[in-house]
Amino acid sequence: MDLFWVGVKGVVVSNDKLLILRTNPDENRGERWEFPGGRIDRDETMHQALIRELQEELPGISNIEIGDLLHAFRLPRELPEHNGLALVFYKVTADFPDDITVSSEHLESRWVSKTEAIELVPQNLHEVIVSL
């Protein structure tokens with residue numbers, strides 16, 4: 001039987017801008033721009049996992065509101081553990097301190113327009129942006 005991880009991602013929106021994070025290549029995931037989030041633990045709902053992941057990756061985030069389901073898809077490749085990964089994307093609003101801090105999983109954050117996001121994120125995330 002094939003095993004699949006399920007991950008949840010938050011498309012954080014504020015003032016017509018999207019928050020993207022640049023991954024830290026030292027964390028063995030390469031370097032790319034992405035939306036915050038991660039895998040669901042066994043005892044969590046999707047919303048609980050997304051809130052946990054947002055709090056881990058964006059210390060100082062507060063008043064997290066999970067909105068509409070935007071998109072879901074399976075990655076066309078397997079992860080190094082030989083498992084597949086299905087990603088579920090939710091629209092999110094939240095409050096942040098003046099200076100956004102990111103965890104060691106990421107190098108930086110950036111608020112971008114939809115057009116800028118499409119230029120920076122991998123192509124498989126374009127449908128997520130278009131769905132907004």
Side-chain angles (χ1 to χ4, degrees):
M1 169 169 51
D2 290 338
L3 296 178
F4 284 87
W5 291 102
V6 177
V8 287
K9 296 282 188 172
V11 182
V12 182
V13 180
S14 178
N15 298 320
D16 293 324
K17 298 283 187 174
L18 311 177
L19 184 66
I20 57 174
L21 307 179
R22 187 163 58 103
T23 58
N24 184 346
D26 292 341
E27 296 288 318
N28 298 319
R29 297 179 338 161
E31 187 175 339
R32 68 186 176 282
W33 289 96
E34 67 176 5
F35 297 109
R39 296 180 196 169
I40 298 171
D41 289 342
R42 285 183 190 266
D43 60 345
E44 293 178 313
T45 66
M46 286 188 186
H47 285 198
Q48 289 169 336
L50 183 53
I51 290 169
R52 176 185 51 78
E53 287 287 344
L54 290 168
Q55 291 172 333
E56 288 174 5
E57 294 181 8
L58 296 161
I61 191 173
S62 61
N63 298 321
I64 300 167
E65 302 252 349
I66 299 174
D68 293 336
L69 173 69
L70 297 173
H71 193 62
F73 64 87
R74 178 181 176 234
L75 285 181
R77 59 179 172 76
E78 289 187 353
L79 301 177
E81 304 94 1
H82 303 289
N83 292 329
L85 176 64
L87 293 173
V88 180
F89 293 81
Y90 287 94
K91 183 176 181 180
V92 171
T93 58
D95 294 330
F96 293 91
D98 290 338
D99 281 335
I100 295 177
T101 303
V102 296
S103 71
S104 62
E105 291 180 48
H106 296 94
L107 299 174
E108 65 178 306
S109 67
R110 188 183 293 178
W111 289 103
V112 297
S113 68
K114 288 182 188 180
T115 303
E116 292 169 311
I118 286 173
E119 293 173 8
L120 293 170
V121 301
Q123 187 172 357
N124 63 350
L125 298 182
H126 291 183
E127 272 191 69
V128 176
I129 297 163
V130 171
S131 70
L132 285 168

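Along the sequence shown, residues are numbered consecutively beginning with 1.
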| task | Taking atom CG of Asp99 as the centre, report whether more than 12 heavy atoms of other residues, nucleotides or ligands fall under 6.0 Å from it. | result | no

| Would you say the side chain of Val121 lies within less than 4.5 Å of the side chain of His126, judging by non-hydrogen atoms? | yes

| task | Any chance you could lay out the side-chain contact (heavy atoms from CB on, under 4.5 Å) test for Arg52 and Asp41, step after step, and finish with the verdict? | result | CA-CA 10 Å; Arg52 176 185 51 78; Asp41 289 342; 3.6 Å; yes

| task | Nearest 0.5 Å please: distance from the CD1 atom of Ile118 over to the CD atom of Gln123. | result | 10.5 Å

| query | How far does NZ of Lys91 sit from CG of Leu70, to the nearest 0.5 angstrom? | reply | 7.5 Å

| query | What are the two closest heavy atoms between Phe35 and Val11, and how far apart are they? | reply | CE2-CG1, 3.9 Å

| Verify same cluster id: Val6, Leu69 (apolar side-chain graph, 4.5 Å) | yes

| query | Which heavy atom of Leu85 sits nearest a heavy atom of Gly7, and at what distance? | reply | CD1-N, 3.9 Å

| said: Using the rule that Ile, Leu, Val, Met, Phe, Trp and Tyr join whenever any side-chain heavy atoms are under 4.5 Å apart, tell me whether Leu75 and Ile129 fall into a single cluster. | reply: yes

| task | Start with the C-alpha distance between Leu21 and Leu58, add both sets of side-chain angles, then the distance that settles side-chain contact (heavy atoms from CB on, under 4.5 Å), and finish with yes or no. | result | CA-CA 10 Å; Leu21 307 179; Leu58 296 161; 3.9 Å; yes

| query | Has Glu127 got more than 12 heavy atoms of other residues, nucleotides or ligands less than 6.0 Å from its CD? | reply | no

| Once you round to the nearest 0.5 Å, how far does NE2 of His106 lie from CH2 of Trp33? | 9.5 Å

| request: Look up atom CG in Leu132 and atom CG in Asp68, then write down how far apart they are to the nearest 0.5 Å. | output: 9.5 Å

| Cluster check Leu54, Val112: I/L/V/M/F/W/Y, side chain < 4.5 angstrom | no

| task | Check whether any side-chain N or O of Asn24 sits under 3.5 Å from a backbone N or O of Ser104 as a donor-acceptor pair, and report yes or no. | result | yes

| message | Taking Val88 as the starting point, is it possible to reach Val92 by hopping between hydrophobic residues whose side chains are less than 4.5 Å apart? | response | yes

| task | Check the pair Arg110 / Leu120 against side-chain contact (heavy atoms from CB on, under 4.5 Å), numbers first and verdict last. | result | CA-CA 11 Å; Arg110 188 183 293 178; Leu120 293 170; 3.6 Å; yes

| Parallel, tilted or perpendicular: which fits the ring planes of Phe89 and Phe73, with parallel below 30° and perpendicular above 60°? | parallel

| From Leu18 atom CG to Thr115 atom OG1, the distance as rounded to the nearest 0.5 Å | 9.5 Å

| request: Check Glu56 against Pro59 and note the closest heavy-atom contact, atom names and distance. | output: O-CD, 3.9 Å

| query | Distance from Leu87 atom CG to Trp5 atom CH2, nearest 0.5 Å? | reply | 13.0 Å

| side-chain contact (heavy atoms from CB on, under 4.5 Å) evaluation trace for Leu19 with Ile100 | CA-CA 10 Å; Leu19 184 66; Ile100 295 177; 4.1 Å; yes

| ILVMFWY network linking Ile51 to Val102, side-chain heavy atoms under 4.5 angstrom | yes

| field | Smallest separation among heavy atoms of Glu31 and Pro25, with atom names | value | OE1-CG, 3.6 Å

| task | Could you tell me whether a side-chain N or O of Asn15 sits under 3.5 Å from a main-chain N or O of Lys17, the two making a donor and an acceptor? | result | no

| request: For Ile64 and Gln55, work out which heavy atoms get closest and say how close. | output: CD1-CG, 4.0 Å

| task | Of all the heavy-atom pairs spanning Met46 and Ile40, show the shortest one and how long it is. | result | CG-CD1, 3.5 Å

